[in-house]
Each structure stands twice: as C-alpha cells, then as structure tokens.
A.B. asks: 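Mind having a look at this structure? Questions to follow.
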Amino acid sequence: MTAEASLLPEHLENERMRDVELLELLDTPHEERFDKITRIACRVFGVPMASLSLMDRDRQWFKSILGLELSDVPRERTVCRTTIARAYAQPEDPVLVLPDAASDPAFADIPGIGGKGGIRFYAGYPLYGPNGHPVGTFCIYDTEERNLDADQLDTFAELAEWAQRELDRADELDRAAEIQNQLLPRPLPDLPGYEMATICLPAFMVGGDFYDHYRLRDGIVITVADVMGKGLGAAILSSAVRSSMRGVARVLERFGTRPVGVLDTGMTLTVGAEHLADDFEHTGTFVTSFLAALEFSTGDIDYADAGHGLAAIRRADGTVEPLTSGGGPPLGIFSATTWRSEAARLDAGDMLVICSDGLLDLLDEQSDPAALCRFVADRADPEELVAAARALAESNPPLDDVTVVALRRETAS
C-alpha cells in the first residue's frame with residue numbers, strides 16, 4: 001500500500017475520529033500501564049524504539065514512546081497513517097512490516113526514515129476504538145534492516161492485543177465514571193429551612209467514596225461512605241452499599257415501628273451490613289460509613305458511625321463539635337456487629353459536615369481528624385466549604401477520593 005493510498009474518505013475519517021474522541025486520551029499524561037508495554041517490546045525484540053500512539057486528524061500523538069524524543073508529529077509525515085489505512089483495506093492481516101523502510105519509495109522521503117541513525121525497520125499494528133475503527137498504532141522500530149519471523153509476529157500480535165486491552169479498559173472506565181456520576185443523588189429542591197452543598201471527587205476515574213441523600217418521612221437521610229481501595233472494584237462495591245442502605249431505610253420507613261424521628265440509623269447500618277455480609281466476605285474488603293437522619297422541624301439528628309469518624313457540627317458562633325460516639329467498626333470487619341444510634345441537634349445557623357479522609361490528605365493531616373474541625377471553623381456556608389475543598393483538590397490533585405457533605409439550618413421552625 002502506497003503512502004498516497006493511506007488517505008481515507010472523509011466520511012470514514014469522521015467516523016474514525018469519533019472513535020478517537022470517545023477514548024478521551026489525546027494529550028493526557030503518560031501512564032505506566034502503557035509505558036510498560038513499550039518497555040517490554042523493546043526488550044523482547046531487541047529494538048531501541050517502540051511507541052503506542054493515537055492518530056489525530058492532522059497529527060500522530062504518542063501516549064507512550066521509548067527511544068525517541070517526540071510527543072507528536074504531523075500525520076502526513078508518518079508511516080503509521082498507512083497502517084491505519086491498512087486496517088480498513090486488509091482487516092484480516094492488518095500488521096504492516098517494513099524490513100527496510102528507507103529502500104521503499106513510498107516511505108523513503110518521510111523525515112526520520114533512513115540516513116545516519118534514522119529508522120529503517122518498522123512494524124506497526126493498528127489499535128481500535130469503541131466502535132471498531134482504527135484509532136492508533138502499536139509500533140517497534142530499529143535503525144538497522146531486519147524482519148520478523150513467524151514466532152516474532154505472533155509475539156508482536158500478543159503485545160498489540162495487550163495494548164488493545166488497555167485502550168478498551170480506558171473506555172470502560174470512562175463509561176463506569178459516567179454511570180457512577182449519574183448515581184450520585186440529584187440536588188433536593190425543597191429543604192425547608194436548610195441549605196446543602198456536596199462534592200465527590202474520585203482520585204482516579206472512578207472511586208470508592210460515595211455520598212447519598214434522600215427525603216424520608218419529614219426529614220432527610222445522609223450517607224457518606226468510603227470503600228477500602230480505589231478504582232473500579234471499589235466503585236462496584238460502593239454502588240452495592242448505597243443500594244443496600246437505601247433499601248433498608250425504605251423498608252424500615254414502611255414497616256418499622258419507630259414512634260418518632262426520621263430513621264433508626266444504628267438499625268439501618270446493622271441490617272445493611274447483614275445484607276452485605278457475603279459481599280464483604282467474598283471480596284475481603286470493608287467500608288467505613290457515617291449515616292445521619294435529620295428531622296426538619298426540630299433539627300434533631302439520629303446518627304450512627306461505622307468506623308468513619310469524620311463528622312462534626314459547626315455551631316452558629318463558629319465553634320466546632322466533632323460527632324463522636326461509641327460507634328462501631330467499619331462494615332465488613334466483624335460479622336453480627338450491632339451499631340447503635342447517637343443523638344445531636346442543629347439549631348439555627350448550625351451546620352452538619354461529613355467528609356471522607358481524602359480531605360484530610362489535602363490538608364496534610366492524614367492522622368488528625370481534628371483537622372476537619374479547623375477547616376470547618378472558618379467557613380459558615382455550605383457552598384463556601386465545598387468550594388474550598390474543590391480548590392484544594394485542584395491545586396494539589398488528590399491521591400484519595402474526596403467527599404464532603406454540608407447541611408446548614410437557616411431558620412428555626
């Protein structure tokens with residue numbers, strides 16, 4: 001296939017670029033999961049150069065590159081655009097191998113091909129996007145003429161499949177992050193006499209932190225939880241915990257015999273943990289959780305703490321009171337644990353704040369929960385508090401998920 005034949009029809013190029021855009025990887029930082037593939041390729045084949053790239057509309061951009069000081073090159077000056085076209089023309093045999101690119105008239109004039117220290121050997125394998133269009137290439141290069149035998153071609157294909165799995169994983173994480181964001185509760189429009197602000201920032205694309213809030217009886221129930229670990233596995237379990245706690249609360253609302261108040265939070269944690277016991281055992285994980293139920297008319301709070309320890313009330317006068325209790329261990333640590341409720345109250349101007357330990361990391365106070373009190377003391381407004389947490393995360397990207405929920409009572413009922 002000649003370089004001229006590597007131009008794609010406009011409609012096909014538009015569809016291909018849509019796949020590139022869906023990956024959302026262009027101009028993102030290098031990642032070890034991709035760099036590992038190019039390092040191993042150089043070692044396995046004894047070549048000085050390897051790359052994993054995406055083909056933009058007018059440039060080839062390198063997500064990982066070894067042995068070449070490049071971030072991108074114009075598309076028309078690449079061999080890889082021919083590899084992309086080959087994926088359409090010869091889908092059953094998409095690999096492009098040039099034993100000596102410098103001697104091939106179709107490629108000899110491309111900058112970097114041939115000459116002293118220039119590329120002679122090239123092998124490229126197309127990588128595909130979510131809808132099956134070639135979006136980039138996995139390549140190895142050498143400054144000397146060479147070829148690949150049948151076993152080496154198989155190995156090259158296996159490494160390309162590894163690179164493809166990583167691209168697929170990136171797309172799956174994008175979709176998981178979108179779904180996780182959609183599962184966060186929508187703002188509640190009518191909180192009589194109260195205002196609330198929330199934030200949940202995963203350290204990676206998806207996270208193990210979550211918060212939830214919903215109306216129940218004449219009040220609101222708030223949950224903040226932190227699943228051990230990060231990433232997709234923690235996100236899956238956090239969804240299960242959220243659903244379980246909501247389900248238990250709804251059942252207790254409908255069939256329970258609680259005479260006053262919004263919810264028995266201790267019983268909710270206890271029953272929810274029993275419901276999730278098999279999941280915790282099979283995954284070998286645990287979850288810290290703080291559950292609070294507030295009655296609008298009185299400001300009374302029923303709360304239970306499962307190893308979380310990061311909640312406080314900022315009083316109208318600026319003092320901050322941690323919500324401490326006998327509590328109990330995180331969910332999933334011990335079977336047949338019973339959690340008990342504690343009581344607190346919000347008066348006019350008071351604010352309930354619950355966070356995850358990712359906020360302490362941003363405050364450089366990982367081992368000092370009192371840092372939450374110091375952070376809250378200077379901020380009387382929920383939106384102001386959440387904005388301050390977001391600013392910290394933007395100035396110092398967190399290594400752990402960051403969640404903050406703040407609920408302030410505006411007027412006495």
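As the structure is a prediction and not an experimental result, all values here were calculated from the model.
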A.B. asks: Are the side chain of R33 and the backbone N or O of E166 linked by a donor-acceptor pair below 3.5 Å?
C.D. replies: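 Confirmed, R33 side chain pairs with E166 backbone.
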A.B. asks: Within the 4.5 Å heavy-atom criterion, are L96 and Y125 side-chain neighbours or not?
C.D. replies: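 Of all side-chain heavy-atom pairs linking Y125 with L96, none is under 4.5 Å.
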A.B. asks: Between the side chain of R409 and the main-chain N/O of L346, is any donor-acceptor distance below 3.5 Å?
C.D. replies: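 Side chain of R409 to backbone of L346: a pair is present.
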A.B. asks: Kindly determine whether F138 and I37 satisfy side-chain contact (heavy atoms from CB on, under 4.5 Å), including the steps that lead there.
C.D. replies: CA-CA 9 Å; F138 169 61; I37 301 172; 3.8 Å; yes
A.B. asks: Should T338 and T270 be marked as a side chain to side chain donor-acceptor pair (under 3.5 Å) after you check the CA-CA gap, both sets of side-chain angles, and the distance that decides it?
C.D. replies: CA-CA 5 Å; T338 298; T270 300; 4.9 Å; no
A.B. asks: Using only atom types and a distance under 3.5 Å, with no angle test, would you say the side chain of D357 pairs donor to acceptor with the backbone of L360?
C.D. replies: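 No, D357 side chain to L360 backbone: no donor-acceptor pair under 3.5 Å.
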A.B. asks: Ignoring hydrogens and geometry beyond distance, is a side-chain donor-acceptor pair present between S244 and H275 at under 3.5 Å?
C.D. replies: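 A donor-acceptor contact under 3.5 Å links the two side chains.
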A.B. asks: For Y214, does the OH atom sit with more than 12 other heavy atoms under 6.0 Å from it, leaving out its own atoms?
C.D. replies: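 Enclosed.
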A.B. asks: Quick one: pull up CG in L191 and CZ in R408 and give me the separation to the nearest 0.5 Å.
C.D. replies: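 Taking CG in L191 and CZ in R408, the distance rounds to 14.0 Å.
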A.B. asks: Would you find more than 12 non-hydrogen atoms of other residues, nucleotides or ligands less than 6.0 Å from R57 atom CZ?
C.D. replies: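 Yes, the 6.0 Å shell around CZ holds more than 12 heavy atoms from other groups.
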A.B. asks: List the atom of L276, the atom of A240, and the distance in Å for their closest heavy-atom pair.
C.D. replies: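 That closest heavy-atom pairing would be CD2-O, 4.0 Å.
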A.B. asks: Minimum heavy-atom separation for H213 to P187, with atom names?
C.D. replies: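 Heavy-atom minimum between the residues: CE1-CA, 4.4 Å.
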A.B. asks: What distance separates S356 OG from H308 NE2, expressed to the nearest 0.5 Å?
C.D. replies: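 It comes to 6.0 Å.
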A.B. asks: Taking atom CG of D378 and atom CG of L385, what is their separation to the nearest 0.5 Å?
C.D. replies: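 Between atom CG of D378 and atom CG of L385 there are 10.5 Å.
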A.B. asks: Within 45° of the axis and under 6.0 Å from the centre of the six-membered ring of F121, does NZ or CZ of R146 qualify?
C.D. replies: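 R146 over F121 ring: yes.
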A.B. asks: What's the spacing between L331 CG and W339 CH2 if we round to 0.5 Å?
C.D. replies: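 If we round to the nearest 0.5 Å, L331:CG and W339:CH2 are 5.0 Å apart.
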A.B. asks: Apply ring-ring contact (aromatic ring centres under 6.0 Å, His included) to the pair F107 and Y122, showing each step before the final yes or no.
C.D. replies: CA-CA 11 Å; F107 307 104; Y122 167 95; 7.7 Å; no
A.B. asks: Take a 6.0 Å sphere around CG of D27 and say whether it holds more than 12 heavy atoms from other residues, nucleotides or ligands.
C.D. replies: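 Count over threshold, so yes.
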A.B. asks: Looking at every non-hydrogen atom in both residues, tell me the closest pair between S53 and Q60 and how far apart they are.
C.D. replies: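 Closest pair (atom of S53, atom of Q60, distance): OG-NE2, 2.8 Å.
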A.B. asks: Report, as yes or no, whether the 6.0 Å neighbourhood of atom CD on E10 holds more than 12 heavy atoms from other residues, nucleotides or ligands.
C.D. replies: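 No, because the 6.0 Å sphere around CD of E10 holds 12 heavy atoms or fewer from other groups.
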A.B. asks: Might you confirm whether atom CD of E69 has over 12 heavy atoms from other residues, nucleotides or ligands at distances under 6.0 Å?
C.D. replies: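 Counting neighbours around CD of E69, 12 or fewer heavy atoms of other residues, nucleotides or ligands fall under 6.0 Å, so no.
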A.B. asks: Can you check whether R18 reaches N14 side chain to side chain, under 4.5 Å on heavy atoms?
C.D. replies: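 Sidechains of N14 and R18: no contact.
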A.B. asks: Looking at A50, is its backbone amide N or carbonyl O close enough to the side chain of T38 to form a donor-acceptor pair, meaning the two atoms are under 3.5 Å apart?
C.D. replies: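 It does not hold such a pair.
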A.B. asks: Could you check L269 against S289 for side-chain contact (heavy atoms from CB on, under 4.5 Å), going step by step and ending with a plain yes or no?
C.D. replies: CA-CA 9 Å; L269 283 182; S289 180; 4.0 Å; yes
A.B. asks: I need the minimum non-hydrogen distance between M49 and I119, along with the two atoms involved.
C.D. replies: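 Shortest heavy-atom separation between M49 and I119 comes out as CE-CG1, 4.1 Å.
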A.B. asks: Evaluate F286 against F280 for ring-ring contact (aromatic ring centres under 6.0 Å, His included), listing each step before the verdict.
C.D. replies: CA-CA 6 Å; F286 62 86; F280 291 137; 8.9 Å; no
A.B. asks: Please determine whether a side-chain nitrogen of the Lys or Arg among D350 and R315 lies less than 4.0 Å from a carboxylate oxygen of the Asp or Glu.
C.D. replies: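 Here D350 pairs with R315 in a salt bridge, since their nearest N and O are under 4.0 Å apart.
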A.B. asks: Do V287 and D226 have side-chain heavy atoms sitting under 4.5 Å apart?
C.D. replies: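 No; the side chains remain at least 4.5 Å from each other.
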A.B. asks: Does D19 reach the main-chain N or O of H133 with its side chain, forming a donor-acceptor pair under 3.5 Å?
C.D. replies: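 Side chain of D19 to backbone of H133: a pair is present.
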A.B. asks: Should R86 and D93 be marked as a salt bridge (Lys or Arg N to Asp or Glu O under 4.0 Å) after you check the CA-CA gap, both sets of side-chain angles, and the distance that decides it?
C.D. replies: CA-CA 8 Å; R86 184 185 176 98; D93 181 27; 3.2 Å; yes
A.B. asks: S341 versus D302: any side-chain heavy-atom pair under 4.5 Å?
C.D. replies: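 Side-chain contact under 4.5 Å: yes.
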A.B. asks: With a 4.5 Å cut-off on side-chain heavy atoms, are T198 and V386 touching?
C.D. replies: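 When only atoms from C-beta onward are counted, T198 and V386 do not touch, as no gap falls below 4.5 Å.
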A.B. asks: Report the distance from atom CG of L294 to atom CG of D218, rounding to the nearest 0.5 Å.
C.D. replies: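 If we round to the nearest 0.5 Å, L294:CG and D218:CG are 11.5 Å apart.
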A.B. asks: Write down the atom of E31, the atom of K63, and the distance for their closest heavy-atom approach.
C.D. replies: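 For E31 versus K63, the nearest heavy atoms are OE2-NZ, 2.9 Å.
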A.B. asks: Going through the checks in order, is the salt bridge (Lys or Arg N to Asp or Glu O under 4.0 Å) test met by E13 and R16?
C.D. replies: CA-CA 5 Å; E13 176 63 11; R16 193 193 68 79; 3.0 Å; yes
A.B. asks: So E384 and R379, salt bridge (Lys or Arg N to Asp or Glu O under 4.0 Å) or not? Walk me through it.
C.D. replies: CA-CA 6 Å; E384 179 188 1; R379 298 168 177 89; 5.0 Å; no
A.B. asks: Mind running ring-ring contact (aromatic ring centres under 6.0 Å, His included) on Y303 and F290 for me, showing each step along the way?
C.D. replies: CA-CA 7 Å; Y303 70 91; F290 190 95; 5.4 Å; yes
A.B. asks: Heavy-atom distance under 4.5 Å between the side chains of D381 and E195, does that happen here?
C.D. replies: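 SC-SC contact between D381 and E195 confirmed.
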A.B. asks: Would you sort out whether R217 and E253 count as a salt bridge (Lys or Arg N to Asp or Glu O under 4.0 Å), showing the intermediate values?
C.D. replies: CA-CA 8 Å; R217 293 194 175 96; E253 177 189 32; 5.5 Å; no
A.B. asks: What's the spacing between L362 CG and R390 CZ if we round to 0.5 Å?
C.D. replies: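 That separation rounds to 12.5 Å.
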A.B. asks: Taking side chain as C-beta onward, heavy atoms only, is T78 less than 4.5 Å from M55?
C.D. replies: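 When only atoms from C-beta onward are counted, M55 and T78 do touch, with a gap below 4.5 Å.
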A.B. asks: Show the nearest heavy-atom pair for residues A160 and L127, with the distance to one decimal.
C.D. replies: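 Looking at all heavy atoms of both residues, the closest pair is O-CD2, 3.8 Å.
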A.B. asks: Test L216 against every option in R246, E295, R250 by the side chain to side chain contact (heavy atoms under 4.5 Å, CB included) rule and name the one that passes.
C.D. replies: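 That would be R250; it is the only one of R246, E295, R250 passing the side chain to side chain contact (heavy atoms under 4.5 Å, CB included) with L216.
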A.B. asks: Donor-acceptor check, side chain of D264 to backbone of G266, threshold 3.5 angstrom: yes or no?
C.D. replies: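 Flag set: sc D264 to bb G266 pair under 3.5 Å.
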A.B. asks: As a test of understanding, state which of L352, D305, V353, L310 forms a side chain to side chain contact (heavy atoms under 4.5 Å, CB included) with L323.
C.D. replies: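 With L323 as partner, side chain to side chain contact (heavy atoms under 4.5 Å, CB included) holds for just one option, L352.
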A.B. asks: Just wondering, do T155 and F45 contact through their side chains at under 4.5 Å, heavy atoms?
C.D. replies: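 They are in side-chain contact.
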